[in-house]
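What follows is a short report on a single structure.
Below, chain A is the first sequence line, B the second, and so on; all start at residue 1.
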2 protein chains.
Amino acid sequence: MENYLKYTKVFKALGDAKRAMIVDMLSCGELCACMILEKFKISQSTLSHHMKLLCECGLVKGRNEGKWTYYSLNAETIRETEQFFRGITSAKGSCICKEDADCCEGCDQDE
Amino acid sequence: MENYLKYTKVFKALGDAKRAMIVDMLSCGELCACMILEKFKISQSTLSHHMKLLCECGLVKGRNEGKWTYYSLNAETIRETEQFFRGITSAKGSCICKEDADCCEGCDQDE
DNA sequence: TAATCATATCGAACTTTTTAAATTTGAGGT
DNA sequence: ACCTCAAATTTAAAAAGTTCGATATGATTA
């Protein structure tokens, strides 16, 4: 149940084209924030905000080195998210309506 | 590039706990809107709105039968979304920054 | 220890999303 | 034809998200 909390945050993070592109860029390997900034027509503060969201949902890790911050993907969250996605989209997955008939009663509390 | 358009819509749809739960419920098989409504503490109009979003992004299909509307998952979009996710999270995927150095220039136009 | 550079945070404007009540539509049933 | 029921749409209000300029922080450099 608390999985919904965790992974809808990840999906929300990917629900923005720029953030999805940033993830794509990072799939090639670690990048400095300034490198990412060069690729986009956004302000530095906006990028910082996006990176914060990506880090908070666990999809991205940040690492400080002197003045710079290097970002890279978090393989574990990626693996888990793919698993969660499979879980909710296949009958073999968690399938809450089978497990617990009253599962959705409190669903508005976790947002 | 237009993939970002398409799949960030899917992720946005899943970026809401209730909608993710609805998808989970539908993974067990087709359900009538009224059945889904019973599970949630939301109004009929709100559910209708959520179902519209889920259909518009391609994740869910609707089918009318008399007064009722039956919803089911769209296997094709699910498969494609998983592929897209793998694409942007693995170095073997699309990796826009390798393919096109100026790929992100116009990224704010597609939202 | 100032100045500078890379990021982060704050504050405010603007846009989008979420939600529900009220209404409409469209299909049966009486 | 009229009534009823399921679902969609409209409307409006509140909540959340996006963006950027200005400012703060914190590390290197002169």
Side-chain angles (χ1 to χ4, degrees), chain A residues 4-5 8-23 25-26 30-57 59-72 104-111, chain B residues 4-5 8-23 25-26 30-57 59-72 104-111:
Chain A
Y4 281 95
L5 265 278
T8 54
K9 260 193 188 176
V10 174
F11 290 132
K12 206 172 274 188
L14 291 173
D16 177 282
K18 288 194 195 78
R19 286 195 296 261
M21 285 185 191
I22 291 169
V23 167
M25 288 175 69
L26 292 176
E30 193 179 62
L31 281 175
C32 177
C34 55
M35 285 300 196
I36 302 171
L37 186 58
E38 275 181 10
K39 293 278 187 184
F40 291 92
K41 292 191 302 189
I42 56 175
S43 71
Q44 181 268 320
S45 61
T46 299
L47 177 68
S48 190
H49 174 246
H50 284 315
M51 297 317 293
K52 194 183 178 186
L53 285 185
L54 285 168
C55 287
E56 277 175 353
C57 76
L59 215 45
V60 166
K61 286 179 290 188
R63 177 177 71 84
N64 292 321
E65 195 176 307
K67 295 191 281 192
W68 295 278
T69 307
Y70 288 94
Y71 293 104
S72 59
C104 310
E105 290 302 314
C107 59
D108 54 346
Q109 279 142 22
D110 46 28
E111 287 186 287
Chain B
Y4 281 96
L5 263 281
T8 53
K9 260 193 186 175
V10 174
F11 290 133
K12 206 174 271 186
L14 290 173
D16 176 284
K18 287 192 196 81
R19 286 195 295 260
M21 283 186 193
I22 290 170
V23 167
M25 289 174 68
L26 292 176
E30 192 181 59
L31 280 175
C32 178
C34 56
M35 285 300 196
I36 302 170
L37 187 57
E38 274 182 10
K39 294 279 186 183
F40 290 92
K41 293 191 302 190
I42 56 174
S43 70
Q44 182 268 319
S45 62
T46 299
L47 178 67
S48 189
H49 174 246
H50 283 317
M51 298 317 294
K52 194 182 178 186
L53 285 185
L54 285 169
C55 288
E56 278 176 354
C57 77
L59 217 43
V60 168
K61 284 179 292 188
R63 175 177 73 84
N64 292 321
E65 194 175 309
K67 296 192 281 193
W68 295 278
T69 306
Y70 289 93
Y71 292 103
S72 59
C104 309
E105 290 301 314
C107 60
D108 53 346
Q109 281 142 19
D110 46 29
E111 288 188 288

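- Salt bridge B:Lys61/B:Glu30: absent, no basic N to carboxylate O contact under 4.0 Å.
- Distance NZ (B:Lys41) to C1' (C:dT18): 16 Å, rounded to an integer number of Å.
- Between B:Lys12 atom NZ and C:dT15 atom P there is a gap of 15 Å when expressed in whole angstrom units.
- Phosphate contact (OP1/OP2 of D:dT19, side-chain N/O of A:Thr46, threshold under 4.0 Å): absent.
- Comparing D:dA7, C:dG26, D:dT19 against the side chain of B:Trp68 picks out D:dA7 as the nearest.
- For B:Ser45, taking side-chain heavy atoms from C-beta onward, the closest of the listed nucleotides C:dA21, C:dC5, C:dA8 is C:dA21.
- Taking only side-chain atoms of B:Lys18, from C-beta outward, the nucleotide of D:dT18, C:dG28, C:dT19 with the closest atom is C:dT19.
- The closest side-chain heavy-atom distance from A:Met51 to A:Ile36 is below 4.5 Å.
- When distances are taken from the side chain of A:Ser43 to each of C:dG28, D:dC20, D:dT19, the shortest belongs to D:dC20.
- Scanning atom types as modelled, no donor and acceptor separated by under 3.5 angstrom connect the side chain of B:Ser48 and the base of D:dA7.
- Protein atom NZ of A:Lys52 is 13 Å distant from nucleotide atom P of D:dG17, rounded to whole Å.
- Remark: the B:Gln44 side chain and the D:dA8 base include a donor-acceptor N/O pair separated by less than 3.5 Å.
- Following rounding to the nearest Å, B:Leu31 (CG) and D:dA7 (C1') show an atom-to-atom distance of 16 Å.
- If you find the closest nucleotide of DNA chain C to A:Leu47 and to B:Glu65, the one lying nearer the 5' end belongs to A:Leu47.
- Side-chain contact check for B:Tyr4 versus B:Lys9: every heavy-atom pair is 4.5 Å or farther apart.
- Between the CG atom of B:Leu53 and the C1' atom of C:dT18 there is a distance of 10 Å, rounded to whole Å.
- Among the nucleotides C:dA8, C:dT19, D:dG17, the one closest to the side chain of A:Tyr71 is C:dA8.
- There is a side-chain donor-acceptor pair under 3.5 Å between B:Thr46 and B:Ser43.
- Side-chain to base pairing of A:Thr69 with C:dA6: no donor and acceptor N or O lie closer than 3.5 Å to each other.
- Each of A:Asn64 and B:His50 was matched to the nucleotide of DNA chain C holding its nearest heavy atom; the match closer to the 5' end belongs to A:Asn64.
- Between B:Trp68 and B:Cys34, the shortest heavy-atom contact is CD1-SG, 4.1 Å.
- Protein atom NE2 of B:His49 is 17 Å distant from nucleotide atom P of D:dA12, rounded to whole Å.
- For the pair A:Ile42 CD1 and D:dG17 P, the interatomic distance rounds to 18 Å; values are reported in whole Å.
- Atom CZ of B:Phe11 is separated from atom P of C:dT17 by 17 Å (rounded to the nearest Å).
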